[in-house]
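Letters go in sequence order (proteins before strands), and every chain restarts at 1.
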Amino acid sequence: MEHLLLTLPVTVFELGCIYALVVLAVYVTSRVINIDDFTVEGSFATGGAITATLLLHALHPLLTVVCAMTVGALVGCLTGLLHTKLSMHNLISGIVVTTALFSINLKTVGSHAIIAPEATLFACLPLQNNALVLGCACFLMVGMVHWFLKTEVGFCLRAVGGNALMVTALGKSATWYKILGFMLANSLSACAGSLLVQHTCFFSITGSIGTLIIALAGLIIGTTLSRTLFWSVVGGAFLYQFIIACTIELQFDPIWNKMITALLIVMIMACKQCFKDKRCLN
Amino acid sequence: MHLLIYVALGAIALSLIAGYCYRQSYKPLDASPLITIGILQTASHPALDRAREGFVECLRQALGQQVTFITQNAEGSMATAHAMARSFHANQSIRAFCALGTMATQVMAHVEKKRLIAITAVSDAQALGVIHPGTNVCGTTDEVDADTLVDIVRALVPSMARVALLYSPSEMNAVSGVKKMETALRKHNIAWVHAGISSEADITPVIQSIAPSVDAILVPTDNTVACALGLVARLALKAKKPLILSFDLTPLPGVLASVGVDYTALGYQAGQMAFDVVKNGKRPDELLVQPLQRSVILVHKQTASVLGVSTPEAWKEKITLVE
């Protein structure tokens, strides 16, 4: 039993920090610029693939994260261009780009790659602790986005989601801001993919399937519990990872794992509902 | 309404707690020291399931009620596999681990460096970099010898000059299998074409376009093809082309032959190795990663007669005919 108290929080914290970035990416697309984007899943995988390839070529781990984020931004730009310039539906442009990225990932790194633990970010930084590094990365990123959304550009970005006509009336290009939103979201997602690959020392082409679902669930749980950006994003991601970790620790027949995860989510949502009703009654 | 929500919540919570307690208390009452084995499975898959059953069966036979198993299945997710491996690593009551499939092996070996990890159903253990002096990893590989495979195919279809390799390029097992097949085919001067598929939806157009120009279709260990085997077999039969699988699956009508390892036996062999390490004090780096002693060759009788294929005398002993 004692091992529960030791590992469970660390595992939840580490994976929570990584997925918080994907949740943030989904937040930027579906809540800030108000256009749901499927590419987040594709750029997560591509971020991982780019990282794996560059690490195998012995590039400095910090630079690989920067490269992954740049590629993520380019991918987002592509989706944005397809959506705005070719007037494709946002979902289909996301699906198109994600589908194409699968081939790119296969070409760059193959179906799987193994990275030596010594080559990763966690070995090269002086912190010597995965949780600490991931925590710093997560809080830095979320903090930066938080700050960015309060700058003039950030306000325009939010305005695009609320009322694109107003942005045009201000003499700014709504198209450009939409693309910027896509770029921001996908570079965050690519960063998360990069961190996950470095954390697990393993890249698998199918390993990123379902990322969007994890992120969406995290975001919805998070926004139900809190209204602030930081707590809804980080809290949601942590809570979702906590649910998965609990499912693992319950050690039932693995067939029921997904069912238990689903039930635990229902429990959390229902708890929230109960408390809310109580407050209204008072 | 509120009452209903509370009752439902309470019921869910209670059932989870009850289940957890039951599982915790469900331990044999034997006084002898209990060995707990943690099993990490990459995903739900017939081959991996059978390997797991073989592993469990072996240790049950050898240790009886002295052994308990904790099974976890990552269902293909990297993050989940990592979380599960961490949970196993922290659990000091676990004596040894079993990793089923490539991802589980890689993740488990990355997290756990001391206790034994018995691996099985891994195609290329060398490439994973877990086998070295002083390693804590040993087990069995499901690698099929490509030369044997090509020999059998040539014995069954002597006129073969050009084959199609049907596989999905996104599967690591399939890609490494295809590479080995290419080397073996080159040795025998047989030409080949790649028939790559990325999902089950591609199978029909790919086979229809490629079948007329080849003499046989070979399939490496490939999950996508295995899942849609019924469809592949029907198309191959329609085109009257021999379809040969390099994994152990009972041939259906349309599949001429399957050459591969018996995953239950493979898991069983890994179980024996785990037993040797845990009970007999052998070191994992003495045992390394072994292939299965004997391949299984199954030939489908009806399909063979439809295609006009006869079993050559020299192979009669090794081949099992199935209806």
Which atom pair, heavy atoms only, marks the closest approach of C201(A) to Q106(B)?
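Reported closest heavy-atom pair: O-NE2, 3.3 Å.
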Could you pull out the closest heavy-atom pair between M78(B) and S204(A), with the gap in Å?
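Looking at all heavy atoms of both residues, the closest pair is SD-N, 3.4 Å.
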In terms of heavy-atom contacts, does [atom1] of [X] have more than 12 from other residues, nucleotides or ligands at under 6.0 Å?
X	atom1	answer
M259(A)	CE	no
K113(B)	NZ	yes
F13(A)	CZ	yes
H132(B)	NE2	yes
I213(A)	CD1	no

Measure distances from [X] to the heavy atoms of chain B and classify the residue's part below 4.5 Å as side chain, backbone, both or neither.
X	answer
E14(A)	side chain
F102(A)	side chain
I209(A)	neither

[Y] side chain reached by [X] side chain, heavy atoms, under 4.5 Å:
X	Y	value
V10(A)	R86(B)	yes
N73(B)	N257(A)	no
F202(A)	H110(B)	no

What option among L15(A), T211(A), T247(A), T206(A) has the most heavy-atom pairs under 4.5 Å with chain B?
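The residue among L15(A), T211(A), T247(A), T206(A) with the greatest pair count is L15(A).
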Can you tell me which of S93(B), S44(B), G76(B), A79(B) forms the most heavy-atom pairs within a distance under 4.5 Å of chain A?
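When all of S93(B), S44(B), G76(B), A79(B) are compared, A79(B) has the most.
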Top of S170(B), A85(B), A83(B) for chain A proximity - count of heavy-atom pairs under 4.5 angstrom:
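Going by pairs under 4.5 Å, I would pick S170(B).
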Separation between [atom1] of [X] and [atom2] of [Y], rounded to the nearest 0.5 Å:
X	Y	atom1	atom2	value
I244(A)	S77(B)	CD1	OG	7.0 Å
T11(A)	M84(B)	OG1	CE	11.5 Å
I248(A)	I70(B)	CD1	CD1	12.5 Å

Would you mind checking which part of S198(B) comes under 4.5 Å of any heavy atom in chain A, side chain (CB onward), backbone (N, CA, C, O), both or neither?
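S198(B) has no heavy atom closer than 4.5 Å to chain A.
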Does any heavy atom of chain A fall under 4.5 Å from the side chain of Q72(B), the backbone, both, or neither of them?
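The answer is both parts of Q72(B).
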Salt-bridged, K258(A) to E75(B), with N to O below 4.0 Å?
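Salt bridge: no.
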